[in-house]
Amino acid sequence: MSEAVVVEVEEETSSKKKLLLIGAVVVVLVAGVAAWWLFLKPAGEEVAVEPADGAIVSFEPLTTTLGVSAPSHARVTLAVVLTEDADPTVLDARKALLQDALLQEIATMGADQLRSAEGSAQLRAALTEDAKTIWGEDVVRRVVLTELLVQ
C-alpha cells in the first residue's frame, strides 16, 4: 500500500471516531437531561389556594344573660361566611343549632371577658368550630360577630 492510501484510511478512521465520540456525548447529555427531568427534578412548591368567601348569612340578634359573675346581659348578632360554592339556603334548617351553641358559649363567659378583644375572638373561634360541625367545612368558612353589646 502506498503512503497516500494509508494516510487517507487513517484520516477516514479518525473522522469516524470523532463522529462516534460526538454521538456518544450527545446520547449521554440527552439521557442525563431526561433522567433529571423524570427523576431528579425538584418538585415545585404547591401554592395553597385560599378558598374565596361566598355568601354571608346574617342571623337575628340574640339577647341573653351572662352565666358568670354579677347579672349582666349580652346582645349578640352573628353572621356565617360561607364557602364560595355553598348554597345559603342549606343554613335554614339548622340555624337554631348555632344559636344554641351561642347561648352555651356565652353562658361560660363573664361580662369583662366578653368585652375584651380576646374574649370576643374566643367566642368567634368557638362559634366557627360549632358552625363547621353543624354544616361542614365545605359549607362554612367562619363566623363573624356583627354586634356585641354587654351590660
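Scope of the values below: all heavy atoms of this structure, side chains included, with no hydrogens, waters or symmetry mates.
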Hey, quick one: are [X] and [Y] part of the same hydrophobic cluster, counting side-chain heavy atoms closer than 4.5 Å, chains of contacts allowed?
| X | Y | answer |
| --- | --- | --- |
| V80 | V144 | no |
| L38 | W36 | yes |
| L102 | V81 | no |
| V139 | I56 | no |
| L149 | L62 | no |

> Who are the side-chain hydrogen bond (donor to acceptor under 3.5 Å, both in side chains) partners of S58, not counting sequence neighbours?
Replying inline: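 side-chain hydrogen bond (donor to acceptor under 3.5 Å, both in side chains) list for S58, sorted by chain: empty.
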> In chain order, what residues pass the side-chain hydrogen bond (donor to acceptor under 3.5 Å, both in side chains) check against D87, with sequence neighbours excluded?
Replying inline: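 With neighbours one apart ignored, the set is T89.
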> Do W135 and L98 touch side chain to side chain, with heavy atoms closer than 4.5 Å?
Replying inline: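 In short, these two side chains touch, coming nearer than 4.5 Å.
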>> For a 4.5 angstrom cut-off between non-hydrogen side-chain atoms, does D53 reach R142?
In response: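 When only atoms from C-beta onward are counted, R142 and D53 do touch, with a gap below 4.5 Å.
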Closest approach of [X] to [Y] (non-hydrogen atoms, all atoms of both residues):
| X | Y | answer |
| --- | --- | --- |
| L66 | A74 | CD2-CB, 3.8 Å |
| G119 | M109 | O-CE, 3.3 Å |
| L127 | V143 | O-CG2, 3.5 Å |

Rounded to the nearest 0.5 Å, what's the gap from [atom1] on [X] to [atom2] on [Y]? Could you check?
| X | Y | atom1 | atom2 | result |
| --- | --- | --- | --- | --- |
| R94 | D100 | CZ | CG | 13.5 Å |
| T64 | I106 | OG1 | CD1 | 6.5 Å |
| L114 | L123 | CG | CG | 6.0 Å |
| E137 | K132 | CD | NZ | 5.0 Å |
| E60 | Q99 | CD | CD | 8.0 Å |
| T83 | R141 | OG1 | CZ | 8.5 Å |

>> Please list all pairs meeting side chain to side chain donor-acceptor pair (under 3.5 Å) that have one or both residues in residues 112-131, counting only residues at least two apart or in different chains.
In response: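 Listed by first then second residue: D112-R115, Q113-Q122.
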>> Could you check whether any side-chain N or O of T77 sits under 3.5 Å from a backbone N or O of T146, counting only pairs where one atom can act as donor and the other as acceptor?
In response: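 The answer is no, because no donor-acceptor pair under 3.5 Å joins these two groups.
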> Near E147 CD, under 6.0 Å, is it more than 12 heavy atoms from other residues, nucleotides or ligands?
Replying inline: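 Yes - once you tally the heavy atoms of other residues, nucleotides and ligands closer than 6.0 Å, there are more than 12.
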